[in-house]
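Here the structure is laid out as structure tokens; the discussion comes afterwards.
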There are 2 protein chains.
Amino acid sequence: MRMQNGDGKLNMAGGMAETGLNERAQHLLKVLVERYIRDGEPVGSRTLSRDSGLDLSPASIRNVMADLEELGFIVAPHTSAGRVPTVKGYRFFVDTLLAVKALEQQEVRLIQQQLAIHDPTPHSLLASASRMLSAITRMTGVVTLPRREHIAWRHIEFLPLSDNRVLAILVVNEGEVQNRILSLDRSYDSAALQQIGNYLNIHFAGKDIHVVRAELLSELTRTRESMNNLMLAAITMAEKVFETRGQESGHSYVMAGETNLMEWAELSDVEKLRRLFEAFNQQRDILHLLDKCIVAEGVQIFIGEESGYRVLDECSVVTAPYSVGDEVVGVLGVIGPTRMAYERVIPIVDLTAKLLGAALNSRK
Amino acid sequence: MRMQNGDGKLNMAGGMAETGLNERAQHLLKVLVERYIRDGEPVGSRTLSRDSGLDLSPASIRNVMADLEELGFIVAPHTSAGRVPTVKGYRFFVDTLLAVKALEQQEVRLIQQQLAIHDPTPHSLLASASRMLSAITRMTGVVTLPRREHIAWRHIEFLPLSDNRVLAILVVNEGEVQNRILSLDRSYDSAALQQIGNYLNIHFAGKDIHVVRAELLSELTRTRESMNNLMLAAITMAEKVFETRGQESGHSYVMAGETNLMEWAELSDVEKLRRLFEAFNQQRDILHLLDKCIVAEGVQIFIGEESGYRVLDECSVVTAPYSVGDEVVGVLGVIGPTRMAYERVIPIVDLTAKLLGAALNSRK
DNA sequence: TTTGGCACTCGCTTATTGTGAGTGCCAGAT
DNA sequence: ATCTGGCACTCACAATAAGCGAGTGCCAAA
């Protein structure tokens, strides 16, 4: 326990009572975190004395460092190593000390360029954004598939296959194509299917898909005598389309650059990497995490254990929601080691979210 | 140099002059490889003497082992370790010594079951096969997308989007849906696009897609005066669809279980794994390799460097082509460490190829 | 042709010892 | 009231050495 010039001093000066850190301590913490992010090695009092610009001897620095440690902002991995930021340290750094660097013109242009695909499908835009995020940050990029509140029925088309099976192609919103195969209890020829499709398109085009589903269900419970064969078939088939929907398009994400994480020394343990990659494949946990970010205003950051998922204990996740029109439809972000260059990653994620939204919107 | 009972002896006895190995040497090699595959540790003369069933002393075994080493079938990783199979050793083992185990009923049923999906799209079958291969072998499964010689035009549909753009949906073969977005120099309304689609479908339905393309190109060079507006628009748009085809659906594969490879000790070097995974993502090299296997009759095996790709130096690849009807359309297989249980993997890959072919075919 | 014996090799593990970066604390300087 | 030089101390890490043990090649005898 250090009492000599411990809590007391730190709490008083600098007018930063809430944080428990006076100006000097904050500055030193900032330099320490920056330094650790740069080199990945514990930072000692000598280094800090040299590079802080404060003209203090290592001994004085050590006093401050002891305080910072006691308050939980930094730890020493072992007795005679320098100090390393804790999650709390990173958190304070990110929340209060971080000077977010404005992006260089060059980088802005690079990002724009990557998203300026010729005639993109919505999906190819997402894939591109994800790839770009991973390439530019040398970490893992992730973009959730957009999930609109309102999904507009655009067009449906049925084609006959063999064995009483029918290929159903449903187009929603602006060019999102979904297709599935239906097994029916009798066969229909092209013309009949054409009619069925027409019937449905006339009734439902432009309507919200949830409304369509509700109407379908209520139609199905109506007395069947009051419908003609065509109507009945149409409604049954449309309902079958919706039955099998959901799980695949249901919700997931596009990821890129997983292998980038293997280049970071702090993640070089094969077993940890395996678990991480497995979580990436599983999608479940990552998706839950990203889902939380959809309600946030802008960039959101989870540092280490903050995410609440053990596999991400040594990772940080920087996310931002993206919107089409004025509706937030998805989240994108970057996954990397806690020791990442936040001041660079944050504006990159921020900008990408905005540009992706714009790109999706302009093509709407 | 061992001359005492070196080449001479081995070449004579056993009537296996071509191979350079007499019966006893072959048997010992077999036991050694099996043992090494099981335990992953260099096999010494003592172990072999105990487990070969030959009632020979370690000393005698050592003589044989010295010969096997001189002929290049095995090596000692260092002076006082046991021996390990070389690529040549594995190759001889696989070609001549291997007793392919018939699959257990249980396993056969497991495989069948995994491929018995309710109303699968072609793609979901491939994905399922790949996942199943990886799960059952605890290695990485891969299935190339089927590439038919003959691709039949089934149906095309155009839907108007904003800004002179059109969504084109092309269905080929039995339920394979491709869609892309075309930017045009003027706008068309639904009705016009409907007409254009009809025109094309009437002309091309059932035709091979290569033929269609050829006809389109020759039509385009015809004097344009002799066509009406509808025809011109139809042909231009169809040609645009083909222009942008190819790279995406062009050729690639579905992979599963990459992370399984991280559990094999011999691949636990992060840098090697990174390169391997990067090659998986790149697809290029792997695809070249798989393409070679499409001409093979049945199961094909590449052991270590045999593949010709450096990233696969420590891996073996077991593949088999799969067919729809009597046309070979793709390749599937398993990628794992050289030290894999070939006698199990080979029949699994073989059976999976047959069942996948059957599944694709039955739904045709 | 096979085998027991024997000297030898060499990768591992464990213990030992430095070395150096970094620390905490104290007493004296500012 | 702070800061700093000094000093003893800690501890990860690297280098060196020693012992073990599995395995080897070769030889001479069975």
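In what follows, chains carry the letters A, B, and so on, assigned in the order in which the sequence lines appear, proteins first and then strands, with residues in each chain numbered from 1. Quick note: numbers below take in every heavy atom, side chains included, and nothing from hydrogens, waters or symmetry partners.
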Taking only nitrogen or oxygen atoms into account, show me every contact under 3.5 Å that the protein makes with nucleotides 6-9 of chain D, one pair per line with its distance.
unit_1	atom_1	unit_2	atom_2	d
dG6(D)	O6	Arg62(A)	NH2	3.3

Atom pairs, protein N/O to nucleotides 11-17 of chain D N/O, distance under 3.5 Å:
unit_1	atom_1	unit_2	atom_2	d
dC11(D)	OP1	Thr79(A)	OG1	3.0
dC11(D)	O5'	Thr79(A)	OG1	3.2
dC11(D)	O2	Ser80(A)	OG	3.1

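Partners of Arg46(A) according to the side-chain hydrogen bond (donor to acceptor under 3.5 Å, both in side chains) rule, which considers only residues two or more places apart in sequence or in another chain, do not exist here. With sequence neighbours left out, Glu266(B) forms a salt bridge (charged side-chain N to carboxylate O under 4.0 Å, His left out) with Arg339(B). Listed by chain and residue number, Arg344(A) satisfy the salt bridge (charged side-chain N to carboxylate O under 4.0 Å, His left out) test with Glu107(A) (two or more places apart in sequence, or in another chain). Applying the salt bridge (charged side-chain N to carboxylate O under 4.0 Å, His left out) rule to Glu305(A) yields no partners; only residues at least two apart in sequence or on another chain are considered. Not counting sequence neighbours, the partners of Asp39(B) by the salt bridge (charged side-chain N to carboxylate O under 4.0 Å, His left out) test are Arg35(B). When the side-chain hydrogen bond (donor to acceptor under 3.5 Å, both in side chains) test is applied to Tyr342(A), the partners found at least two apart in sequence or on another chain are Ser316(A). For Ser57(B), the side-chain hydrogen bond (donor to acceptor under 3.5 Å, both in side chains) test picks out Ser60(B), with sequence neighbours left out. Under the side-chain hydrogen bond (donor to acceptor under 3.5 Å, both in side chains) criterion, Glu314(B) pairs with Lys272(B), sequence neighbours left out.
Side chain of Ser57(A), nearest nucleotide from dT4(D), dT3(C), dG25(D): dT4(D). Here dG24(C) is the nucleotide among dC3(D), dG24(C), dT3(C) with the atom lying nearest to any side-chain atom of Arg83(A).
Near DNA chain D, meaning a heavy atom under 4.0 Å from it, residues 45-53 of chain B has Ser45(B) in order of number.
Between Glu34(A) and Arg38(A) there is no salt bridge, since none of the side-chain N atoms of the basic residue sits less than 4.0 Å from a carboxylate O of the acidic one.
Among residue pairs with one or both ends in residues 78-90 of chain A, those qualifying as salt bridge (charged side-chain N to carboxylate O under 4.0 Å, His left out) are Glu69(A)-Arg83(A); sequence neighbours excluded.
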